[in-house]
Number of protein chains: 2
Amino acid sequence: MSLVQTFAALADPTRLALVSQLAGGPANVSELSEAHSLSQPAISKHLKVLEKAGLIETTVQGQTRPRKLVANNLQQVDLWLNAFRSLWDARLDRLGDFLDDGEDLQ
Amino acid sequence: MSLVQTFAALADPTRLALVSQLAGGPANVSELSEAHSLSQPAISKHLKVLEKAGLIETTVQGQTRPRKLVANNLQQVDLWLNAFRSLWDARLDRLGDFLDDGEDLQ
DNA sequence: TGGTTATATTTCCGATAGGATATATATCTC
DNA sequence: GAGATATATATCCTATCGGAAATATAACCA
């Protein structure tokens with residue numbers, strides 16, 4: 001839920017890779033275990049961390065429990081970055097104007 | 001330098017607060033120590049982590065060593081988020097069009 | 001019901017993190 | 001050169017992390 005918790009969840013190479021993979025669609029534990037060459041308990045533990053951080057959700061499909069990505073907390077990171085984005089994006093002002101114009105802009 | 005290292009550096013409440021403060025301009029160790037109610041060695045250790053992660057730089061001004069924010073690795077996070085931004089930003093397509101038009105767009 | 005597959009939980013381990021205190025180093029001032 | 005101030009480094013402590021292996025639970029299938 002907190003930014004710190006989100007960053008902590010992403011601060012591990014395995015979990016970062018899991019998130020990237022899940023961006024391509026849901027996957028279950030055995031698939032993830034194979035893809036990342038880690039034991040099933042290790043993957044389950046990582047998934048628990050990601051879920052507690054609100055980055056993924058568990059769905060139930062019979063015997064399997066596919067995990068899927070949840071956008072919200074990544075978006076929170078994006079919003080947090082707003083405070084710094086002017087440091088590198090010189091076009092920010094005009095970008096702001098653009099977004100302010102909203103859906104009406106053609 | 002790596003994304004994981006960046007996230008790890010941000011995955012601590014004190015360091016996250018340090019980064020936020022430094023977004024408002026450089027500050028030296030004693031100022032940061034006071035502002036965050038931590039011992040000077042603790043702050044120095046945090047600053048070392050942030051510097052190794054490339055998030056801050058040390059400048060030398062006589063006796064003091066003010067730290068200042070470095071944008072690049074935060075921008076890398078921003079770029080990494082691009083892979084996920086479509087999950088929450090419905091206006092992404094039109095935003096892409098806008099950016100493609102570049103500096104010529106009024 | 002019994003076996004098989006998918007996943008969770010428990011236990012144990014070595015490594016690392018974050019803090020405080022104590023001490024070293026460097027720079028300024030007199 | 002002798003304080004005094006700013007910061008770095010070393011040491012120690014406790015807590016947590018990431019992994020493997022063993023075991024438990026749950027769902028499917030015959």
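Values below: every heavy atom of this structure, side chains too, minus hydrogens, waters and symmetry copies. Below, chains carry the letters A, B, ... as their sequence lines are ordered, and counting in each starts from 1.
- If you take CG of B:L10 and P of C:dG18, they are 12 Å apart, rounded to a whole angstrom.
- The distance between atom CG of B:L32 and atom C1' of D:dT7, rounded to the nearest whole Å, is 12 Å.
- Atom P of nucleotide D:dT7 and atom CD of B:E51 are separated by 14 Å, given to the nearest angstrom.
- Each of D:dA8, C:dG18, D:dA6 was ranked by its minimum atom distance to the side chain of B:P41; first place goes to D:dA8.
- Looking at A:Q63, its side chain has no donor and acceptor atom pair within 3.5 Å of the base of D:dA26.
- Heavy atoms of B:K45 sit under 4.0 angstrom from at least one base atom.
- When only modelled atom types and interatomic distance are considered, B:E51 and B:T58 share a side-chain donor-acceptor pair under 3.5 Å.
- In the interface, the side chain of B:Q40 is not paired with the base of D:dA6 through any donor and acceptor atom under 3.5 Å apart.
- Nearest to the side chain of A:R65, among D:dA26, D:dA22, D:dG18, sits D:dA26.
- Panel note: side chain A:S33, backbone A:V29; no donor-acceptor pair is recorded below 3.5 Å.
- Heavy-atom distances to DNA chain C give each of B:L38 and A:R67 a nearest nucleotide, and the one nearer the 5′ end belongs to A:R67.
- The nearest whole Å value for the distance from the CD atom in A:Q5 to the C1' atom in D:dC17 is 15 Å.
- Counting any heavy atom pair closer than 4.0 Å across all strands shown, B:S30 reaches sugar-phosphate atoms only and no base atom.
- Across the interface with DNA chain D, nearest-nucleotide mapping of B:T58 and A:A11 shows B:T58 to be the residue nearer the 5′ end.
- For A:S39 and D:dG19, the shortest distance from a side-chain N or O to OP1 or OP2 is not below 4.0 Å.
- Here the side chain of A:N28 is nearest to one of C:dG18, C:dT7, D:dG19, namely C:dT7.
- The side chain of B:D12 lies closest to C:dG18 when the candidates are C:dT7, D:dG18, C:dG18.
- Checked by atom type and distance alone, the side chain of B:E34 never pairs as donor or acceptor with a backbone atom of B:E31 at under 3.5 Å.
- Using a 4.5 Å heavy-atom threshold, the side chains of B:F84 and A:V77 count as separate.
- The NE2-P distance, from B:H36 to C:dG18, rounds to 15 Å in whole Å.
- The shortest distance between the side-chain N/O atoms of A:R15 and the OP1/OP2 oxygens of D:dG18 is below 4.0 Å.
- The phosphate of C:dG19 (OP1 or OP2) has a side-chain N or O of B:T14 nearer than 4.0 angstrom.
- Phosphate contact (OP1/OP2 of C:dT7, side-chain N/O of A:S44, threshold under 4.0 Å): absent.
- A straight line from NZ of A:K52 to P of D:dG18 spans 12 Å, rounded to a whole angstrom.
- Here A:K48 reaches the OP1 or OP2 of C:dT9: one of its side-chain N or O atoms lies under 4.0 Å away.
- Here D:dC17 presents its P atom at 17 Å from CD1 of A:I43, a figure rounded to the nearest Å.
- Screening A:L18, A:L69, A:V70 for a side chain to side chain contact (heavy atoms under 4.5 Å, CB included) involving A:L50 leaves a single residue, A:L18.
- Under the 3.5 Å distance criterion, with hydrogens and angles disregarded, a donor-acceptor pair is assigned to the side chains of B:Q40 and B:S44.
- Summarising the geometry, the separation between NE2 on A:H46 and C1' on C:dT9 is reported as 16 Å, rounded to the nearest angstrom.
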